[in-house]
Amino acid sequence: MDQHKLYCADHHFFHESMLKWFPESRPFANISQMHEYMIEAHNARASNSTDVYILGDLAYGRKVDPAQIRKVFEKLKGRKHLIMGNHDDKDTLNLRWSSQPSFSKTINDNGRRIFLCHYAVHSWPGFYNGDYHFFGHTHGKLPTHGRMMDVGVDAWGLSPVTATEVIERMKTWNADFDSYKPERKSVITCAEENVPEEEYVLELRNDPGYGGYGR
């Protein structure tokens, strides 16, 4: 069932500056209100049997009591899995995750293979076989291509989302959903324009067998 897996990123619990930096998505008077809203939004979609993939930056604040981070974490329903972000320190890594935190992971969601990483990448494992890429870190501000999309809470009403919802947004927002290739000229034009033609090697993308990778 689609609802048994949810995706989110970049909660930044305890990070007061988020209220100043993202007033549109976080219109709260203080972080206590922000916490309460995000916990309720999370639990409105997740049950204790839901696998929730958090793509980094759960909490932020070097002076935050680890017990307070743990308290917020335990209020979030679901079997929680962490894809580590740049702000996930030892206090976050030591929480009771349902799997070992990792820097990236490819999962199967109802027959759809999805590469999860805190950071957006141009080409990901399974790219040439139609696999998807969910990421965080950019708080909904990075233009996307093809089958990649930001699942950070600032881009989704501070709520976790299903793969179906993310993929539907890809189809709507990414005009090149079916045609994006990281080797196309619009992506690599910098190299082609700045290297003398006689020195530039077109690499493998003009090879007849290019792009036929299997799993």
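Just so it is clear, the model here is predicted, and its values are computed rather than measured. These numbers come from the heavy atoms of this one structure, side chains and all, not from hydrogens, waters or symmetry mates.
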Novice: Excluding sequence neighbours, so at least two apart, what forms side-chain hydrogen bond (donor to acceptor under 3.5 Å, both in side chains) with S104?
Specialist: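 Testing S104 for side-chain hydrogen bond (donor to acceptor under 3.5 Å, both in side chains), a comparison that skips the adjacent residues, returns none.
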Novice: Supply the atom-to-atom distance D51 CG to D109 CG, rounded to the nearest 0.5 angstrom.
Specialist: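 With rounding to 0.5 Å, CG (D51) is 9.5 Å from CG (D109).
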Novice: Within this structure, what is the CG-CZ distance for the pair N108 and R113, rounded to the nearest 0.5 Å?
Specialist: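 These two atoms lie 7.0 Å from each other.
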Novice: Between atom CZ of F28 and atom CG of L19, what is the distance when rounded to the nearest 0.5 Å?
Specialist: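 Going from CZ on F28 over to CG on L19, the span is 8.0 Å.
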Novice: Should the ring pair F127 and Y180 be called parallel, tilted or perpendicular, given that the plane angle runs from 0 to 90° and is split at 30 and 60?
Specialist: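 Ring orientation of F127 relative to Y180: perpendicular.
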Novice: Test: salt bridge (Lys or Arg N to Asp or Glu O under 4.0 Å). Region: residues 147-158. Which pairs qualify, not counting sequence neighbours?
Specialist: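 Checked against salt bridge (Lys or Arg N to Asp or Glu O under 4.0 Å) - neighbours excluded - the pairs reaching residues 147-158 are R26-D154, R147-D178.
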Novice: Which residues pass the ring pair (Phe, Tyr, Trp, His ring centres under 6.0 Å) test with Y7, not counting sequence neighbours?
Specialist: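 Per chain and number, Y7 pairs via ring pair (Phe, Tyr, Trp, His ring centres under 6.0 Å) with Y53, F134.
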Novice: Taking only residues two or more places apart in sequence or in another chain, which ones pass ring pair (Phe, Tyr, Trp, His ring centres under 6.0 Å) with W173?
Specialist: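 None.
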Novice: Distance-only criterion, 3.5 Å: show the donor-acceptor pairs between side-chain atoms of residues 33-42 and protein atoms not counting sequence neighbours.
Specialist:
from, atom 1, to, atom 2, distance (Å)
Q33, OE1, A29, N, 3.0
H35, NE2, F14, N, 2.9
H42, NE2, K77, O, 2.8

Novice: On a heavy-atom basis, which atom in C117 and which in I83 lie closest, and how many Å separate them?
Specialist: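 Answer, listing the atom of C117 first, then I83: CA-CG2, 3.8 Å.
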Novice: For residues 87-107, which residue pairs qualify under salt bridge (Lys or Arg N to Asp or Glu O under 4.0 Å), counting only residues two or more places apart or in two chains?
Specialist: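 Qualifying pairs, neighbours excluded: E74-R96.
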Novice: State which residues pass ring pair (Phe, Tyr, Trp, His ring centres under 6.0 Å) with Y119; sequence neighbours excluded, sorted by chain then number.
Specialist: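 Y119: ring pair (Phe, Tyr, Trp, His ring centres under 6.0 Å) contacts with H137.
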Novice: Side-chain heavy atoms under 4.5 angstrom apart, residues restricted to Ile, Leu, Val, Met, Phe, Trp, Tyr: same cluster for L142 and F177?
Specialist: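 Not linked; separate clusters.
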Novice: Got a sec, which residues hit ring pair (Phe, Tyr, Trp, His ring centres under 6.0 Å) with Y132, two or more places apart in sequence or on another chain?
Specialist: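 Not a single residue meets the ring pair (Phe, Tyr, Trp, His ring centres under 6.0 Å) criterion with Y132.
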Novice: Who are the side-chain hydrogen bond (donor to acceptor under 3.5 Å, both in side chains) partners of S47, not counting sequence neighbours?
Specialist: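 For S47 the side-chain hydrogen bond (donor to acceptor under 3.5 Å, both in side chains) partners, ignoring immediate neighbours, are S49, T50.
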Novice: Among residues at least two apart in sequence or on other chains, which ones pass salt bridge (Lys or Arg N to Asp or Glu O under 4.0 Å) with E16?
Specialist: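 Expected list: none.
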Novice: Would you please classify the geometry between the Y60 ring and the H15 ring as parallel, tilted or perpendicular, with 30° and 60° separating the classes?
Specialist: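 Geometry flag for Y60 against H15: parallel rings.
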Novice: According to salt bridge (Lys or Arg N to Asp or Glu O under 4.0 Å), who are the partners of K75, at least two apart in sequence or on a separate chain?
Specialist: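 Checked K75 against salt bridge (Lys or Arg N to Asp or Glu O under 4.0 Å); zero matches.
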Novice: Side chains of V121 and M148: does their closest heavy-atom pair fall under 4.5 Å?
Specialist: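 Contact flag for V121/M148 side chains = no.
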Novice: Among residues at least two apart in sequence or on other chains, which ones pass side-chain hydrogen bond (donor to acceptor under 3.5 Å, both in side chains) with H11?
Specialist: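 Here no residue qualifies.
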Novice: Quick one: CG on L55 to NE2 on H81, what's the gap to the nearest 0.5 Å?
Specialist: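 Result: 11.5 Å between the selected atoms.
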Novice: OG of S25 to CH2 of W156: how many Å apart, nearest 0.5 Å?
Specialist: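 Rounded to the nearest 0.5 Å, the OG-CH2 separation comes out at 14.0 Å.
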Novice: For R112 and T164, test the side chains for any donor-to-acceptor distance below 3.5 angstrom and give the result as yes or no.
Specialist: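 Per modelled atom types, R112 and T164 side chains form a pair under 3.5 Å.
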